[in-house]
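To find a chain, count down the sequence lines: A is the first, B the second, and so on, and within it residues start at 1. Only a predicted model underlies this, so the values are computations on that prediction, with no experimental measurement involved.
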Protein chains: 4
Amino acid sequence: MTSSPAGRGRPRDERSGAAIMKAAGELLMENGYAGLSIGAVAARAGVGKDTVYRRWSGKPELVYEAVFTAADTADVPDTGVLEEDLAAVVQSLIDEFSAPPAAAALPGLLADFAATPELRATIRSRFLRPARERLVVVFDWAEQRGETGADLPVDLVLDTLAGAVFFHLGIVGERPGPDLAQRIARVAAKGIEAR
Amino acid sequence: MTSSPAGRGRPRDERSGAAIMKAAGELLMENGYAGLSIGAVAARAGVGKDTVYRRWSGKPELVYEAVFTAADTADVPDTGVLEEDLAAVVQSLIDEFSAPPAAAALPGLLADFAATPELRATIRSRFLRPARERLVVVFDWAEQRGETGADLPVDLVLDTLAGAVFFHLGIVGERPGPDLAQRIARVAAKGIEAR
Amino acid sequence: MTSSPAGRGRPRDERSGAAIMKAAGELLMENGYAGLSIGAVAARAGVGKDTVYRRWSGKPELVYEAVFTAADTADVPDTGVLEEDLAAVVQSLIDEFSAPPAAAALPGLLADFAATPELRATIRSRFLRPARERLVVVFDWAEQRGETGADLPVDLVLDTLAGAVFFHLGIVGERPGPDLAQRIARVAAKGIEAR
Amino acid sequence: MTSSPAGRGRPRDERSGAAIMKAAGELLMENGYAGLSIGAVAARAGVGKDTVYRRWSGKPELVYEAVFTAADTADVPDTGVLEEDLAAVVQSLIDEFSAPPAAAALPGLLADFAATPELRATIRSRFLRPARERLVVVFDWAEQRGETGADLPVDLVLDTLAGAVFFHLGIVGERPGPDLAQRIARVAAKGIEAR
DNA sequence: AAATAATCGAGACGGTACGTCAGGTCTTAAA
DNA sequence: TTTAAGACCTGACGTACCGTCTCGATTATTT
């Protein structure tokens, strides 16, 4: 959210922003990403359209913030086994991508981000940073245990894991079976282990 | 394409359909998926809007057909090594997804498909069938060579490979390095090989 | 009204145009000129805004046509007396300006016309042409009878008569007493008669 | 202008009011009446919007005061001839109506006044009082000289003179030729003279 | 000196209207 | 029956103003 500039003038009412976020989440689940309009969000939030545009530059930014707010700073547990550590990382991606508003928003949201150069450059940092940080940690542990070599292609693996989850859930639309994270992690762990 | 209902009346002019496909591909590369409108396609093709709607039910179907027309029936070469076979499969996905009109269309197109129940069900068959057929063959060879066990999760692996390629190219927007297929295939091959 | 270009395409539905005119007249009397919006006219007419903009370039043109449609081609009667002839001309101006929708529209409408160079140039021809034609005839008769000289300043007299009626009715808002035309005509007739 | 309610609190800064008047006059000439917004006036004056609304109730009142401030208390000269006296009155109307900011403001301003019942009632006193006072004096002289009878319809003549000037200059937009006042006065004088 | 109160610039607030554009349907005359 | 053309209704877009309100700060009068 763009922070209010300086201390001058009437400060923004936090309740407006909160009402907008709430309305956006609801409409997202009711009508999907394509069926969500800024005007409808404003109307349901009991707010003028300007009040939305003052805070967010457009639908993608608004929906991104409405959906991906969970801080998700939990540390990945050190299980001592690469495959299990990876499973935890994949599970966090699944949790992030399959929450109801996220599932409704993701394909359209990523499409809009991908279509806009400025937004496209932010996709990794916005959607994948927590997972990437965890992955770096997990890779570090695995290297110290000798399970993997150094110089693992973090971003490529991350894209693969995220792509697998996104494609499986978001596009093809399968429900996330309870062992999905484990199955993906098993292949990935074996794939990147040293010999 | 919807086939012309046989029989009476003036037959459809095949040149109209071809002009529409051509115009759609051009506009896709100029303005992207979101910036393509049926009206603009019709105008550039020198055709009435009805002539478009008579053949395709809407933008997703139209763009899908304009972009994914290549038959792509080439057999995957039997290299005798799982990793190499997989690399060929991944390369075919890369080729399919990174062709200029496809790259411009894919994120938005998949989002529209995913948002429509009837279309969502057809994603695998429309975008992944050739790759899936190749993957089945490759897995069959590998099993016969003893490199892998039976009962490999074809669809999950397919989603993973496709998701990796799509996310890496379509969303994050990296150019496909010449060794991308090989790198993905290496991890995947090791991941699914029998111990 | 802009006439539909050539014979190609679907012809405009005359009922739409008529419904727009009717709605505009009603809203004008209910809310006045400033309170009339194109969107409200379209909504009441059961028509899309485009259908309005396709026919009229904006509110001034729309309201002008909605209000000043009466052909008003009646000839001015030859009474044989300048003052009486002028009274008939003035009365036609009063009738034109004091009809309920016209009275509601005139001040704002003329202001918008005056503020737009292209429209400003058309004020005389749009609002005063019938009166001017009558005035020319009346002056011609008067000259032939010897009541006046030649070279009367038609436009200045016309502006004076119209200004008097407009200012008296439209701005100051007096009801048009039954002898108003006569009173204005008396002064004007005396004013322009030859000694 | 609403006078500052005496007494407590910080007194109004007279420079703010002056800056607002100045900004309003400038913007009026740059953008016309319709193109003038309170927000823009406040911004150019370096003032908050409330500082404007605290002093004036809205655009019409603000513009009226910005434009029609000239006291114009000069006495009409007694020329001894009705036509010449009238010419002076008409000339004062021309001067008032054709000053650049007034010319830009008048049609829209009068339309807004006419559209608001409370304001409409004040039009004569606001815009025509000086001219009316002069006209009464001039008629008085003329009656004493025997040029006219008593009981001249002051308001009707005034509306006619003002309407003629307003319509000729403000609406139709002619530049005021140097003899305009004389030409109008000649007709009017003859029109109201006793036989 | 302290309390009270109105003003100041700034700008957020909920609304309304703007004029444009796309979607998908329908209606014409011509082929 | 299809064709090109284009009108049709719906509804969203992002912007501009409206007139009100809420800030912190300032400047006066009243205790």
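The phosphate of E/dA12 (OP1 or OP2) has a side-chain N or O of A/Arg54 nearer than 4.0 angstrom. Between A/Arg55 and E/dC13 there is a side-chain N or O to OP1 or OP2 distance below 4.0 Å. Between A/Arg10 and F/dC23, a side-chain N or O to OP1/OP2 separation shorter than 4.0 Å is absent. For the OP1/OP2 pair of E/dG9 and a distance below 4.0 Å, the side-chain nitrogens and oxygens of D/Thr51 include at least one atom meeting the criterion.
The interatomic distance linking A/Asp112 (CG) with F/dC13 (P) rounds to 11 Å, in whole Å. Atom CG of C/Asn31 and atom C1' of E/dT16 are 13 Å apart (whole Å). In this structure, the OH atom of B/Tyr53 is 7 Å from the P atom of E/dT25, given to the nearest Å. Between the CD atom of D/Glu14 and the C1' atom of F/dA28 there is a distance of 14 Å, given to the nearest Å. Straight-line distance from the CZ atom of A/Arg8 to the P atom of F/dT26: 11 Å, rounded to whole Å. Remark: C1' of E/dG11 and CG of A/Asp13 are 14 Å apart, rounded to the nearest angstrom. When the P atom of F/dT3 is taken as reference, atom CZ of B/Arg15 falls 11 Å away, rounded to whole Å. Atom CG of A/Leu62 and atom P of F/dA12 are 15 Å apart (whole Å).
The base of F/dG19 is paired with the side chain of D/Lys49 by a donor and an acceptor separated by under 3.5 Å. For a distance-only test at 3.5 Å, the side chain of C/Asp50 qualifies as a donor-acceptor partner of the base of E/dC21.
Minimum interatomic distance between D/Leu109 and D/Pro60 (heavy atoms only, all atoms of both residues): CD1-O, 3.4 Å. Heavy-atom minimum distance, C/Ala111 versus D/Ala111: CB-CB, 4.0 Å. Scanning all heavy atoms of the two residues, the minimum distance from B/Ser16 to B/Thr51 falls at CB-CG2, 4.0 Å. Across every non-hydrogen atom of B/Ala105 and B/Val63, the tightest pair is CB-CG1, 3.8 Å.
In terms of position on DNA chain E, the residue among D/Gly48 and C/Ala40 whose nearest nucleotide sits closer to the 5' end is D/Gly48. Summary of the strand contacts: C/Gly35 and B/Ile38 both lie near DNA chain E, and taking for each the nucleotide with the nearest heavy atom, the more 5' one is attributed to C/Gly35. Across the interface with DNA chain F, nearest-nucleotide mapping of C/Ser16 and D/Gly58 shows C/Ser16 to be the residue nearer the 5′ end.
Remark: the backbone N or O of B/Thr122 is paired with a side-chain donor or acceptor of B/Ser125 at under 3.5 angstrom.
Nearest nucleotide to the A/Arg12 side chain, out of E/dC13, F/dC13, E/dT28: E/dC13. Closest to the side chain of C/Val47, from the set F/dC9, F/dC13, E/dT28, is F/dC9.
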